[in-house]
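Keep in mind the model is a prediction, meaning the values are calculated, not measured. Chain letters run A, B, ... following the sequence lines, proteins first, then strands; residues in each count from 1. Atoms considered below: every heavy atom in the structure, side chains included; atoms not considered: hydrogens, waters and symmetry mates.
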Protein chains: 2
Amino acid sequence: MKNKLPNITTDFSSWYNDVVYRSDLADTAPVRGCIVIRPYGCQIWESIKTILDKKIKDTDHENIMLPLLIPESFLRKEAEHIEGFAPELAVVTHAGGKKLEESLVIRPTSETMMYHMFSRWIKSWRDLPLKLNQWCSVVRWEKRPRPFLRTSEFFWQEGHTAHATEQEAHDEALLMLDQYIDLIQNYLAIPVIKGEKPESEKFAGAKNTYTMEAIMPDGKALQMGTSHHIQQSFGKAFDIAYQDKDGKLATPHFTSWGATTRLIGALIMTHGDQKGLILPPKVAPIQVVIIPIIKANQDNQAVLEEAQKIYSELKQSGIRVKLDLDATQTPGAKFYNWELKGVPVRIELGARDLESQSVTIANRLTCKKESIALTEISHMISKTLDDTQQALFQRAEARNQELTKRGNKLAEWGPILNKENGAYIVGWCQSDACEDKLKSCKATIRCLIATNESPECFACTKKSLGDIVVAKAY
Amino acid sequence: MKNKLPNITTDFSSWYNDVVYRSDLADTAPVRGCIVIRPYGCQIWESIKTILDKKIKDTDHENIMLPLLIPESFLRKEAEHIEGFAPELAVVTHAGGKKLEESLVIRPTSETMMYHMFSRWIKSWRDLPLKLNQWCSVVRWEKRPRPFLRTSEFFWQEGHTAHATEQEAHDEALLMLDQYIDLIQNYLAIPVIKGEKPESEKFAGAKNTYTMEAIMPDGKALQMGTSHHIQQSFGKAFDIAYQDKDGKLATPHFTSWGATTRLIGALIMTHGDQKGLILPPKVAPIQVVIIPIIKANQDNQAVLEEAQKIYSELKQSGIRVKLDLDATQTPGAKFYNWELKGVPVRIELGARDLESQSVTIANRLTCKKESIALTEISHMISKTLDDTQQALFQRAEARNQELTKRGNKLAEWGPILNKENGAYIVGWCQSDACEDKLKSCKATIRCLIATNESPECFACTKKSLGDIVVAKAY
């Protein structure tokens with residue numbers, strides 16, 4: 001048996017890294033800040049992709065494939081954009097055996113390339129709205145990499161749209177935020193707080209940045225994806241102009257929105273326990289593992305045949321099931337391995353189970369074992385998977401409620417937040433000076449939310465202009 | 001109405017470029033040698049991906065996501081490999097605002113990165129076979145770019161496997177070649193010639209390179225994908241060693257295999273005609289377009305309602321159907337547009353059709369129009385799509401037979417090939433000197449095939465060691 005995982009309560013950070021690598025989600029790569037996403041992690045990303053891609057297409061967007069390399073001058077066309085991304089760029093200076101006349105950067109995001117293309121494609125009001133998306137990887141050189149959470153190369157989708165009116169762009173940004181929230185809450189079983197970023201945390205070039213934040217079990221907030229209403233200045237910088245219905249030249253309004261492989265990191269942290277991963281059934285690469293209990297001194301034929309029968313039955317009914325026939329591992333080692341990998345349900349089947357025409361079902365989340373009649377398997381497995389999906393969300397939501405408190409003045413909750421983490425909902429006058437005071441507890445404004453229940457700013461005596469969520473951030 | 005396409009017979013090359021851009025498959029990009037793949041092209045690639053990904057998984061391979069950037073030193077570890085790829089590399093020298101200690105190259109292919117990981121993952125005979133695949137883009141700086149056919153960045157899948165025995169690796173390379181052939185012949189409707197590359201055309205680092213070649217309508221051959229049995233020297237260069245069943249250290253045997261967005265280029269050339277694309281129904285983004293014939297001076301309500309009904313009915317039965325309601329274009333302009341885009345079937349529906357409870361079906365391939373009773377639509381559309389899929393393959397195969405001739409001596413067929421293109425099946429003694437003589441007609445050995453029906457080499461009087469296919473190549 002391998003070493004135990006680091007303690008999830010006292011050493012969450014080491015626990016996280018160990019789970020990532022030992023459950024075979026990913027491996028370290030020989031390039032600084034990068035990881036190799038192994039088949040088990042890749043299957044989770046493929047599930048997320050399938051769900052989100054359908055939502056993107058159902059809301060009338062089309063996929064596109066833009067070049068990986070962007071002329072350096074493109075980045076400089078919009079002042080805020082280059083200021084935000086310059087320190088993170090990877091630069092190609094040589095290609096085809098020669099020094100390039102103009103260096104190319106590996107896309108950190110594709111607004112600039114997309115807007116160059118928009119200027120070719122948007123000529124008339126008939127060309128709007130133009131709603132595009134791409135699935136790709138981007139590179140932003142990372143000083144403090146962590147697998148899935150911050151990597152120098154990461155995988156994502158980036159949506160880019162152009163609209164005739166500001167209202168339409170605004171609605172689009174919020175529509176796509178809602179698509180993300182549906183994915184994250186109803187498939188990944190992670191509750192999120194919906195809100196808007198303050199000026200200081202906006203995307204480089206955005207007018208508004210909308211966000212979903214999830215509170216991790218250690219009380220730190222994780223940004224789960226963002227949706228931006230982009231500044232019209234991009235249209236001017238990239239010469240995007242079209243004839244409106246009145247024949248006048250106009251500049252479109254833009255959005256962009258992205259969600260990344262970081263979501264896999266959120267899954268790991270939100271649901272895992274001391275034994276390893278717990279994967280929500282809707283995105284688990286393996287929902288059920290069947291382990292026949294083979295013994296050296298008995299005839300195992302009947303057990304193996306029944307296991308195969310159950311495997312076929314579950315597979316037929318659309319369940320992602322694995323039959324573990326590895327003869328080099330003991331059942332105990334297999335239990336350990338599939339628990340580490342977070343498979344929601346384990347079916348054990350031995351000679352004694354077979355005698356009573358039943359199997360043993362072990363629930364990864366509740367750790368309970370139950371004996372089930374063979375005739376009941378399909379039904380009970382479906383029910384257990386549904387229950388697990390629900391229970392994971394509820395458990396995370398209950399924990400969020402514990403971790404999220406309403407706060408009054410910084411002097412009261414600041415020292416506690418500094419020491420114990422957690423999220424605070426407080427009022428804010430929207431001044432930079434007050435925001436700055438959060439440095440005293442290493443926290444930031446994660447987002448502005450829709451309520452306005454605090455009478456005063458957390459740091460001064462001015463009236464609050466709306467509630468905010470304050471927390472330390474990943 | 002837009003300008004006509006260049007003449008497909010007399011100016012095939014201009015015809016090809018114009019079709020690519022005017023049918024909205026792709027657009028030029030502001031980076032040398034790159035293209036933007038637009039939604040229509042992207043949808044074809046997604047179809048190809050879905051079909052091939054299933055084949056890859058059904059043959060027990062798993063997907064993985066490796067880093068885009070590879071340390072330059074990795075490429076140098078295997079002598080033939082770096083010699084083949086050095087002139088095409090794009091090199092990142094700066095990242096995160098600093099000059100890198102070691103430059104990184106953007107992957108031209110991922111053998112070196114994969115083999116570095118293999119050395120971590122393959123320790124025991126139990127770890128074999130290891131069968132992995134990734135979908136990504138790669139960069140090889142291209143001197144003479146052509147959209148889809150040769151681009152500096154292109155999209156592909158690259159499979160990489162490791163096996164205990166040479167025989168197993170050999171079988172794997174051929175198994176994956178057969179997966180490609182099934183995709184290309186039975187979905188893309190393109191007949192191919194299966195064979196092996198001569199030494200001079202092998203992948204840099206391969207022991208054997210297997211290939212499928214298709215003969216394009218202009219008589220030039222297009223390599224459609226390759227599958228390599230890789231040299232064991234990679235195992236040594238990357239320190240990949242495992243304990244075999246007898247406890248001895250052994251080096252695995254490898255394969256790699258890839259198919260690219262070039263397949264879209266092959267589709268365009270193989271099936272297109274003077275009006276534009278003709279897409280095989282199995283991969284056509286839109287299989288059927290419905291065009292209601294709207295007139296200004298009549299009540300169009302009934303026509304529009306029936307069109308909507310037909311749309312729903314076809315969609316329900318799993319057909320990819322588009323209802324073209326664009327009010328700014330005439331029916332004639334729409335016909336032109338959807339013919340250019342190669343939609344296999346067009347349904348026209350006007351007031352007169354409705355009176356007789358029928359629609360008009362226009363077949364893109366045969367150019368025939370037929371009146372069909374409303375009650376027969378689903379059935380007739382399915383039949384027409386099936387027929388078109390078959391007919392496209394048969395048409396291409398018949399043309400191939402015309403273009404491919406058996407040849408005897410170079411002196412006889414060389415001058416004809418030089419002038420008129422086409423493929424010749426001839427004998428070869430397998431000497432470099434004789435191969436070299438093909439330069440006189442700008443042709444190369446496309447592949448060695450399984451037959452051996454020519455008694456003598458095409459260039460000398462030695463005995464032929466097997467038939468080869470000779471043609472000019474894209």
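For the pair A:N63 and B:P39, the minimum side-chain heavy-atom distance is 4.5 Å or more. A heavy-atom distance below 4.5 Å is found between the side chains of A:M113 and B:V31. For the pair B:V36/A:W121, a side-chain contact is recorded, criterion being any heavy-atom separation below 4.5 Å from C-beta on.
Looking at B:V105, there are no atoms closer than 4.5 Å to chain A (heavy atoms on both sides), in backbone or side chain. The part of B:R120 that comes within reach of chain A is its side chain, from C-beta onward, which places non-hydrogen atoms under 4.5 angstrom from that chain. Contacts of B:T93 with chain A are made by both backbone and side-chain atoms, with heavy-atom separations under 4.5 Å. Heavy-atom distances place the side chain of A:F74, and not its backbone, under 4.5 Å from chain B. Within the 4.5 angstrom heavy-atom criterion, atoms from both the backbone and the side chain of A:T28 approach chain B. When heavy atoms are compared at a cutoff of 4.5 Å, B:Q43 approaches chain A solely by way of its side chain, counted from C-beta outward. Only the backbone of A:P87 comes within contact range of chain B, judged by heavy atoms closer than 4.5 Å. For A:I35, the part sitting under 4.5 Å from any heavy atom of chain B is the backbone (N, CA, C, O) and nothing else.
Pairing each heavy atom of B:V92 with each of A:A90, the nearest pair is CG1-CB, 4.1 Å.
Looking only at heavy-atom pairs under 4.5 Å with chain A, the residue among B:P30, B:A26, B:S137 that has the most is B:P30. Counting heavy-atom pairs closer than 4.5 Å to chain A, the top-ranked of the candidates B:C34, B:G97, B:P67, B:S103 is B:P67. Across B:R126, B:K143, B:E88, the residue that shares the most heavy-atom pairs under 4.5 angstrom with chain A is B:R126. Between chain B and the residues A:E62, A:R38, A:H94, the largest count of heavy-atom pairs under 4.5 Å involves A:R38. The residue among B:I70, B:L104, B:L66, B:L89 with the most heavy atom pairs within less than 4.5 Å of chain A is B:L89.
In terms of the salt bridge (charged side-chain N to carboxylate O under 4.0 Å, His left out) criterion, B:E158 has no residue partners (sequence neighbours excluded).
The distance from atom CE of A:M65 to atom CZ of B:F155, rounded to the nearest 0.5 Å, is 4.0 Å. Atom-to-atom distance recorded for B:W141:CH2 and A:K98:NZ is 12.0 Å, nearest 0.5 angstrom. Rounding to the nearest 0.5 Å places CD1 of B:I106 at 5.0 Å from CG of A:L68.
A salt bridge links B:K57 with A:E46: the distance from a Lys NZ or Arg NE/NH1/NH2 to an Asp or Glu carboxylate oxygen falls below 4.0 Å.
Of the possible polar contacts, none joining the A:E153 side chain to the B:L69 backbone as a donor-acceptor pair under 3.5 Å is found.
At most 12 non-hydrogen atoms from other residues, nucleotides or ligands lie less than 6.0 angstrom from CD of B:E83.
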